[in-house]
Number of protein chains: 2
Amino acid sequence: MEERSKTEKKIINAATELFLEKGKDGARMQEIADRAGINKALLHYYFRSKTKLHEVVFSNELKTFFNGVLGTFKENEDFQTFVKSVVHHYIDNISKHPKLTQFILWEIEKGGENLSKIILQTMKENNFQSNQILDKIQNEISAHRIRKIDPPNLMVSLIGMCLFPFIAKPIIERIIPGINVTSAKFLHRRKEEIFHLVWNGIKPTPE
Amino acid sequence: MEERSKTEKKIINAATELFLEKGKDGARMQEIADRAGINKALLHYYFRSKTKLHEVVFSNELKTFFNGVLGTFKENEDFQTFVKSVVHHYIDNISKHPKLTQFILWEIEKGGENLSKIILQTMKENNFQSNQILDKIQNEISAHRIRKIDPPNLMVSLIGMCLFPFIAKPIIERIIPGINVTSAKFLHRRKEEIFHLVWNGIKPTPE
DNA sequence: GTCTATATCATGATAGAC
DNA sequence: GTCTATCATGATATAGAC
């Protein structure tokens, strides 16, 4: 991480808030300058273009998030603990960065290339490989400790169930009145529900 | 549905393509006019504003999709069949309208209000109520035909697992090389996997 | 490094002839 | 109903003084 002047930091803070709130297109350079207490010209002096500024902000936020998700996995956990960890870490970390979901969606819409790069890089920094997880699942199957399932599908299902409430929050809450899918209470229950659904769903059927 | 002139239809077709491809902000009125073989002024003559045109296109597409999802549910299915139906109808219909996922994401980002209205209206037209599903799940629990689970969480999980591959496609396919989450082969398997995971996950545990 | 003022550009919308 | 030409706006980006 390079040294950053005081002004640079002010700009990044202001830009982070506004990009998270309104997205790249929605946020205006004028607004960012105002909130940072400087003028538009300085934004370009420091970051050359809006796109460049957006990239810096975006990449910072995502790295923090994914490091939070990946940094806490333990080696040699038993598989049941592993499943529970995935669910808890994902949901806890996304709760800490609520606006990040929209950020991620915006990136996906633009093709997801930058996002993928950051994820892959973060995985590398944490000595994490997607194959490693798939192999772990495959091992459990071979040892008959879980049912014969498709490993990639399990991964997609797990992460999908964790993230979906945050993605679809505005819809879900209008379709099922009275629910708040990001409340501590709902999320606490959700973690339990996902874990039990998955664990019961994959454990070997008694003969 | 009102009568539409030939020109109006050409506009709607062109606009649908471009909005699906580039979103409301990405699509340009000039492009739409060009593709429809007319000029910009006519767009405003027929639809007054870009926002209005977008609403018309958007609402048409979504109604078609959700009618496809909801229109095929049967009354009085047993619960196992019901779960299977939800999974199959969701995935089959979203496969038929692949670009619609982005469309939905764009709407969610804008607050999801329009989208919710359309969903609720379509549910009404198909005599469908979200409570009805929640009650159905609750009944199964009371009759001890499934485990004691949280009904809203089950709904969110089911739909989340179906939609997530389409939402996160660009990311998943870069993280797990060699996979194609919208290929017929993967989706066929996915339907099976989701159903079995959920059914095993909720069926009563043998004493 | 920081500012004011301005260039430049893209786009949605409209006026008015036919 | 359809077109050409033009306006109005809002944004990024830059020039140049201090």
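Throughout, a chain's letter reflects where its sequence line sits, starting with A, and its residues are numbered from 1. Values in this document were obtained by computation on a predicted structure and should not be read as measured data. Values below: every heavy atom of this structure, side chains too, minus hydrogens, waters and symmetry copies.
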Colleague: The criterion is salt bridge (Lys or Arg N to Asp or Glu O under 4.0 Å); which residues satisfy it with A/K52, sequence neighbours excluded?
Modeller: A/E55
Colleague: Considering only heavy atoms, which members of residues 16-34 of chain A lie under 4.0 Å from some atom of DNA chain C?
Modeller: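 Output list: empty, so none.
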Colleague: May I have all residue pairs that pass side-chain hydrogen bond (donor to acceptor under 3.5 Å, both in side chains) and include part of residues 91-100 of chain B, sequence neighbours excluded?
Modeller: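 Of all non-adjacent pairs touching residues 91-100 of chain B, those that pass side-chain hydrogen bond (donor to acceptor under 3.5 Å, both in side chains) are B/D92-B/K191.
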Colleague: According to side chain to side chain donor-acceptor pair (under 3.5 Å), who are the partners of A/Q121, at least two apart in sequence or on a separate chain?
Modeller: A/E125
Colleague: For B/E31, which residues count as a side chain to side chain contact (heavy atoms under 4.5 Å, CB included) partner, sequence neighbours excluded?
Modeller: B/L18, B/K22, B/R28
Colleague: At the 4.0 Å heavy-atom cut-off to chain A, mark where contacts on DNA chain C begin and end, going 5' to 3'.
Modeller: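 For DNA chain C, the relevant span reads C/dG1 to C/dT4.
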Colleague: Whether the B/N13 and B/E17 side chains hold a donor-acceptor pair (N or O, under 3.5 Å, no angle test) is what I'd like checked.
Modeller: no
Colleague: Can you check whether A/F19 and A/F58 have ring centres sitting under 6.0 Å from each other?
Modeller: no
Colleague: Scan residues 129-140 of chain B for pairs that pass side-chain hydrogen bond (donor to acceptor under 3.5 Å, both in side chains), counting only residues two or more places apart or in two chains.
Modeller: B/E140-B/R145
Colleague: Using the C1' atoms of the five pairs at each end, what is the angle between the end axes of the helix from C/dG1-D/dC18 to C/dC18-D/dG1, to 10°?
Modeller: 10°
Colleague: Just by distance, do the side chain of A/Q80 and the backbone of A/W199 share a donor-acceptor pair under 3.5 Å?
Modeller: no
Colleague: Any ion pair linking B/E107 and B/K110 (charged N to carboxylate O, less than 4.0 Å)?
Modeller: yes
Colleague: Of all residues at least two apart in sequence or in a different chain, which pass the salt bridge (Lys or Arg N to Asp or Glu O under 4.0 Å) check with A/E61?
Modeller: none
Colleague: Please enumerate all residues that pass side chain to side chain donor-acceptor pair (under 3.5 Å) together with A/T64, with sequence neighbours excluded.
Modeller: none
Colleague: Can you pull the ring pair (Phe, Tyr, Trp, His ring centres under 6.0 Å) pairs that have at least one residue in residues 29-50 of chain A, sequence neighbours excluded?
Modeller: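 Non-adjacent pairs meeting ring pair (Phe, Tyr, Trp, His ring centres under 6.0 Å): zero.
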Colleague: Strictly below 4.0 Å, heavy-atom distances to any atom of DNA chain C: list the hits from residues 39-57 of chain B, or just say none.
Modeller: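 Close to the strand are B/K40, B/A41, B/H44, B/S49, B/K50.
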